[in-house]
Participant: 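Sharing a structure here in structure tokens format.
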Amino acid sequence: MAATGDADETQLQEMEEEAVMENEMDSDEEEGLGIENSDDEIDNSSEDEKENEAEIQRLEEQLSINAFDYNCHVDLIKLLRQEGELPRLRKARQKMSELFPLTEEIWLDWLKDEIHLTEEEPNREKVYELFETAMKDYICPEIWLEYAQYSIGGMGLPGGMEKVRSIFERALTAVGLHMTKGATVWEAYREFENAILATVQPPPGSVPTREQQELLNAQLERIHTLFRRQLSIPLMDMDGTYAEYEEWSDQGVSDTVSQKYKGALQEMEKSKPYEETLMIAEPPKLAEYQTYIDYEQKEGDPARIQIIFERALSENCLVPDMWAKYTKYLDRQLKIKDLVLSSHNRAVRNCPWTMGLWKNYLLALERHGADHHTISDVFERALNAGFIQATDYVNIWEAYLDYLRRRVDFSKGESTLTLESSRELEELRAAFTRSLDYMKQDVEERFSESGDPSCTIMQVWAKIEALHCKNMQKARELWDSIMTKGNAKFANMWLEYYNLERSYGDALHCRKALHRAVQCTSDYPEHVCEVLLTFERVEGSLEDWDAAVQKTETRLNRVNEQRAKVTEKEAHVTRQVEEKTEQRRRAKADKKNQKKGQKGSRPGEKRKAEDKDYEDEWGEESEQPPKRHRREGDQGFRGGCGGAEEFMGTESGLFGRRAPPGRRQEPPGTKRGQQVAPATLWKTQEDDPELRKDDCSVFISNLAFTMEDPEKRLKKLFEPCGPVQSVRPVYAAKGFRGYCYVQFEGKASVVEALKMDRQEVEGRPMFVSPCVDKNKNPDFKVFKYNTNLEKHKIFISGLPFSCTKEQLEELCKVHGTIKDIRLVTNRSGKPKGLAYVEFGDEAQASQAVLKLDGTVLQEHTLSVAISNPPRRNTADKPGFSRPVGAMMPRSMVYGSRGKGRTQLSLLPRSLHRQRGSESKAENGTAPKPTGGASGDAGIEAQAKPLSNSDFAKMLFKK
């Protein structure tokens with residue numbers, strides 16, 4: 001030890017001599033430069049100092065206004081260090097460290113400055129305390145090395161050697177597992193022990209005493225142990241350490257050490273790809289670190305999981321999710337008090353704006369038995385953290401109030417509470433009162449909202465008073481206050497109050513609550529009326545029943561009148577919009593036709609233009625089915641021209657489109673304009689109408705245009721339903737049109753085939769509907785779902801597109817028996833974020849609406865209501881005539897080219913009027929023309945081709 005002290009003193013003397021020589025050289029250089037300096041340079045220097053001082057004062061004033069300005073702190077520290085204002089610099093750094101964790105660079109600069117100052121002051125304890133504070137912010141190998149290096153300078157003091165070794169051991173525990181930087185700490189520790197070894201070795205040629213030999217052996221064992229410990233840990237460049245140990249050890253490497261080294265080397269090879277990925281990745285490397293963390297968690301080594309979390313946080317200290325994952329792991333796995341609480345404290349210091357971290361910190365403090373004063377201080381810090389949402393303050397207050405409620409022992413009732421429990425109960429009530437005042441004053445003033453529209457805090461307070469304190473009077477006062485804050489119109493609020501009275505109150509107050517609910521509720525008055533009548537069946541007298549029936553009937557009549565007025569108003573607005581749209585469309589069409597009539601055209605050009613216009617408007621690229629042609633008397637679909645035109649309908653609301661006049665539909669593969677013999681025209685599979693049986697057929701639509709060999713594919717698909725007689729796919733010039741007819745040998749097969757409706761085929765839902773002639777069956781409904789109010793079914797909107805039936809069932813099954821779930825999709829099979837869930841009865845559906853409305857699923861807020869689809873317009877009924885523009889999809893209202901430069905189609909207006917008078921057909925059947933001669937004339941007019949002069953007469957006809 002004496003030899004060690006002498007060596008240290010010699011080293012210190014040499015360092016002091018070098019420092020003196022450097023200072024003398026610096027002073028000589030300054031004097032030499034001073035000779036050359038002019039008065040102007042001195043003036044410039046003083047001006048710079050004045051500017052820096054002014055900037056320092058400005059930054060200090062800014063921090064006095066907003067102490068949480070991080071960048072302002074950094075700028076102030078840089079200026080003070082530049083000016084050499086060490087006392088002010090130390091004060092500025094202390095203020096910043098109280099508010100924020102400091103980065104590695106700031107800490108190293110601060111530590112080096114303090115070490116320089118203590119060279120003149122004998123007190124080293126201040127620097128040790130500063131190092132200990134730095135260790136609490138981040139796990140940094142560089143700071144640990146600096147700490148150990150500084151402690152070596154104090155070896156000559158009492159206990160200096162033990163302190164150095166203690167710091168090195170703590171450094172190994174903290175960062176020794178660091179895959180890339182941990183080896184530097186191990187090497188520094190070994191170098192220190194090797195230096196000690198050199199001091200205890202006897203001089204050459206001398207015989208060591210027994211004590212010297214024991215010291216020598218002990219020191220050699222320390223170094224052997226360090227080598228063995230390091231080689232058992234997976235670190236980068238392990239082979240170099242192993243080679244160094246082989247060279248250093250006189251006895252060679254034992255088999256045990258070799259086996260541990262090989263095991264650690266294998267683990268290092270597994271982790272090496274993750275380390276290489278981190279080395280080449282760009283900051284912040286969040287995805288790479290998360291992948292590395294997932295790997296280590298699968299391996300299950302707590303120490304390695306902790307070090308990779310710490311490495312990720314040192315580079316992503318402002319990422320709340322990373323802190324939340326780390327603290328969650330510590331809470332559930334390690335459960336070491338000091339480590340858990342220090343990590344929570346670091347988390348809230350790095351991300352003070354994140355309410356979830358503060359909430360978890362309060363829970364961790366309570367979980368590990370922290371005293372009440374500490375938890376209250378942390379809560380007060382959370383209130384001053386500056387959350388970004390009003391709801392964050394509600395949540396942190398709820399967490400603190402829950403903690404205060406758990407402190408009170410309610411096991412014996414309020415009347416028998418001990419003095420301490422009574423004090424804690426009064427503190428709980430005072431905290432509830434303070435929370436309401438805080439929401440009303442501070443939160444509303446800052447966010448213009450309380451953040452608690454449902455008055456959750458007051459509801460919890462009322463339940464505590466009713467359940468634990470048996471104080472229903474206070475609970476009723478709280479609920480009166482809740483209702484006056486705009487909640488009286490919501491049925492769920494009244495039912496919560498009713499359930500409270502039902503559980504802890506009396507029948508009189510239950511009746512009063514329900515009567516008030518019937519009078520005030522506006523969202524679900526039917527449900528509230530139902531609850532009132534059910535209550536009177538169980539509790540009430542005949543007079544009570546009569547009063548309840550009269551009150552509910554009066555209320556529901558008034559509600560229905562209001563709804564009818566709203567519906568009428570909405571329908572009126574819709575009609576006005578449609579009329580204006582139609583007027584604009586007609587005005588543009590008239591203007592376009594007038595311009596074309598004035599210009600004139602050469603013979604033959606008009607027909608070509610019309611054909612091209614029809615191609616643009618009803619081109620094969622569209623996904624809507626084309627029109628079907630039928631010969632008079634035909635019961636099924638047939639190819640070719642002639643016959644009445646019709647619109648095709650499916651349960652999704654599809655309608656057919658008309659082909660250009662005078663155009664024949666050609667078989668697939670036929671070139672445009674090519675002459676085709678009648679015998680070679682493409683057909684459906686059966687041309688004989690007597691073989692067609694609509695009652696044994698189904699209509700298939702919404703199939704993919706790219707389906708290969710649809711006849712073979714659909715026949716195989718529907719064979720399980722029964723013997724298939726024929727499959728009649730519909731083609732156009734460019735191929736399959738996406739719909740067809742499947743005819744079975746028996747009627748029983750149709751029922752089985754209809755069960756396949758909405759089955760997915762090549763990524764699209766296949767629509768299956770019966771073949772029904774709408775003229776013979778005008779009341780037939782293609783849309784199979786109910787369009788009226790269904791009290792046992794709920795409608796959910798706002799669902800994430802990734803939501804599945806299983807996830808939705810898991811969410812809803814806790815509220816009742818689920819009979820069916822239907823996710824609404826578009827024609828391509830993609831979800832719309834809507835769903836219908838059918839429950840066993842109306843009560844279960846109503847309860848689900850009250851509990852699920854407003855809930856969050858995968859960051860999507862759900863809207864839940866009783867299923868009540870909007871009423872279908874009379875325009876959708878058979879026989880209703882409307883303009884063709886109204887029959888088009890929304891995207892086609894503006895014309896065949898969309899909402900572009902021109903909105904007009906080249907189809908004459910007279911033909912538009914003819915189309916409007918046609919009747920709508922469903923599922924491949926069209927009505928026969930009636931009306932005597934007028935009907936025959938209409939057919940002849942359609943069958944006869946029109947010349948250019950005929951079109952001109954139509955355009956100029958007034």
Side-chain angles (χ1 to χ4, degrees), residues 1-16 18-19 104 107-108 110-178 181-201 211-212 214-233 235 241 244-245 248 307 338:
M1 293 293 295
T4 303
D6 295 339
D8 293 337
E9 291 178 359
T10 305
Q11 185 179 6
L12 290 173
Q13 290 175 0
E14 292 177 355
M15 293 175 61
E16 289 176 358
E18 291 177 359
E104 177 184 341
W107 270 119
L108 289 175
W110 189 0
L111 291 168
K112 290 177 182 178
D113 291 341
E114 293 294 338
I115 290 172
H116 179 70
L117 290 176
T118 53
E119 290 178 356
E120 302 175 359
E121 301 176 5
N123 188 5
R124 301 172 60 90
E125 293 300 325
K126 291 183 179 179
V127 182
Y128 285 141
E129 292 176 2
L130 193 60
F131 271 111
E132 293 295 335
T133 305
M135 295 299 105
K136 296 178 181 178
D137 282 351
Y138 303 108
I139 294 181
C140 179
E142 287 79 5
I143 296 179
W144 275 110
L145 284 173
E146 192 71 26
Y147 191 10
Q149 189 67 31
Y150 179 74
S151 65
I152 292 175
M155 285 194 306
L157 301 175
M161 183 76 67
E162 289 74 12
K163 188 174 185 64
V164 174
R165 285 177 175 152
S166 173
I167 292 173
F168 267 118
E169 289 294 336
R170 290 174 56 196
L172 292 180
T173 304
V175 296
L177 295 177
H178 197 295
K181 297 181 179 180
T184 58
V185 181
W186 287 99
E187 292 171 1
Y189 197 1
R190 287 205 315 273
E191 289 178 2
F192 167 74
E193 293 296 348
N194 278 322
I196 301 301
L197 177 64
T199 62
V200 299
Q201 283 182 347
E211 294 180 357
Q212 290 178 343
E214 290 178 355
L215 286 174
L216 180 61
N217 293 337
Q219 188 63 26
L220 288 172
E221 183 60 27
R222 287 194 184 97
I223 299 175
H224 276 289
T225 303
L226 285 175
F227 269 115
R228 289 194 293 265
R229 289 169 61 188
Q230 182 179 356
L231 291 174
S232 65
I233 296 173
L235 298 172
T241 305
E244 181 182 352
Y245 186 35
W248 182 86
I307 192 63
D338 294 337

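This one's a predicted model, so the numbers in the text were calculated from it and none came from an experiment.
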Participant: Applying salt bridge (Lys or Arg N to Asp or Glu O under 4.0 Å), can you list everything that pairs with Glu214, at least two apart in sequence or on another chain?
Facilitator: Arg210
Participant: Suppose we screen for salt bridge (Lys or Arg N to Asp or Glu O under 4.0 Å). Which residues come up paired with Glu191, at least two apart in sequence or across chains?
Facilitator: none
Participant: With a 4.5 Å heavy-atom cut-off, do Gln219 and Gln201 have their side chains touching?
Facilitator: no
Participant: Might you work through the side chain to side chain contact (heavy atoms under 4.5 Å, CB included) test for Leu226 and Ile223, ending with a clear yes or no?
Facilitator: CA-CA 5 Å; Leu226 285 175; Ile223 299 175; 5.5 Å; no
Participant: Does the Arg124 side chain pair with the main chain of Tyr150, one donor and one acceptor, at a distance under 3.5 Å?
Facilitator: yes
Participant: Tell me, do Met135 and Ile143 make a side-chain contact under 4.5 Å, heavy atoms counted?
Facilitator: yes
Participant: Using the salt bridge (Lys or Arg N to Asp or Glu O under 4.0 Å) rule, collect all pairs that involve residues 223-232, keeping only residues at least two apart or in two chains.
Facilitator: Glu169-Arg229, Glu221-Arg228
Participant: Would you check if His178 and Thr184 make a side-chain contact, meaning some heavy-atom pair closer than 4.5 Å?
Facilitator: no
Participant: Can you check whether Phe131 reaches Lys126 side chain to side chain, under 4.5 Å on heavy atoms?
Facilitator: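 When only atoms from C-beta onward are counted, Lys126 and Phe131 do not touch, as no gap falls below 4.5 Å.
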Participant: Please examine the side chains of Thr241 and Trp186, heavy atoms only from C-beta on, and report whether any two atoms are closer than 4.5 Å.
Facilitator: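 A side-chain contact is absent here, since even the closest heavy-atom pair is not under 4.5 Å.
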Participant: Begin from the C-alpha positions of Leu111 and His116 and carry the test side chain to side chain contact (heavy atoms under 4.5 Å, CB included) through to its verdict.
Facilitator: CA-CA 9 Å; Leu111 291 168; His116 179 70; over 6 Å; no
Participant: Would you check if Tyr189 and Gln230 make a side-chain contact, meaning some heavy-atom pair closer than 4.5 Å?
Facilitator: no
Participant: Looking only at non-hydrogen atoms, find the nearest pair between Val164 and Met155 and report the distance.
Facilitator: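 Nearest heavy atoms, Val164 then Met155: CG2-CG, 3.8 Å.
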Participant: Give, for atom CZ of Phe227 and atom CD of Glu193, the distance between the pair rounded to the nearest 0.5 Å.
Facilitator: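 Rounded to the nearest 0.5 Å, the CZ-CD separation comes out at 11.5 Å.
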Participant: For Tyr245, what residues pass the side-chain hydrogen bond (donor to acceptor under 3.5 Å, both in side chains) criterion, not counting sequence neighbours?
Facilitator: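 In terms of side-chain hydrogen bond (donor to acceptor under 3.5 Å, both in side chains), with neighbours along the sequence ignored, Tyr245 is linked to His224.
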Participant: Who are the salt bridge (Lys or Arg N to Asp or Glu O under 4.0 Å) partners of Arg222, not counting sequence neighbours?
Facilitator: none
Participant: Under the side chain to side chain contact (heavy atoms under 4.5 Å, CB included) rule, what do Tyr128 and Lys163 come out as? Steps first, then yes or no, please.
Facilitator: CA-CA 11 Å; Tyr128 285 141; Lys163 188 174 185 64; 3.4 Å; yes
Participant: Taking C-beta and beyond as the side chain, do Trp144 and Leu172 meet within less than 4.5 Å on heavy atoms?
Facilitator: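 Of all side-chain heavy-atom pairs linking Leu172 with Trp144, none is under 4.5 Å.
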Participant: The criterion is salt bridge (Lys or Arg N to Asp or Glu O under 4.0 Å); which residues satisfy it with Glu104, sequence neighbours excluded?
Facilitator: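 Scan of Glu104 (salt bridge (Lys or Arg N to Asp or Glu O under 4.0 Å), adjacent residues dropped) gives none.
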Participant: Show the nearest heavy-atom pair for residues Val185 and Ala171, with the distance to one decimal.
Facilitator: CG1-CB, 3.9 Å
Participant: Can a side-chain donor-acceptor contact be found between Glu132 and Tyr147 if the only test is distance below 3.5 angstrom?
Facilitator: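 Yes, side-chain donor-acceptor contact under 3.5 Å.
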Participant: Would you say the side-chain atoms of Glu244 and Trp248 include a donor-acceptor pair closer than 3.5 Å?
Facilitator: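 Short answer, no.
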Participant: Please examine the side chains of Arg170 and Val175, heavy atoms only from C-beta on, and report whether any two atoms are closer than 4.5 Å.
Facilitator: no
Participant: With rounding to the nearest 0.5 angstrom, report the CD1 to CG distance, Ile196 to Leu215.
Facilitator: 11.5 Å
Participant: If you compare all heavy atoms of Ile167 against all heavy atoms of Ser151, which two are closest, and at what distance to 0.1 Å?
Facilitator: CD1-CB, 3.4 Å
Participant: Would you call Lys181 and Glu142 a salt bridge, using N to O less than 4.0 angstrom?
Facilitator: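 A salt bridge links Lys181 with Glu142.
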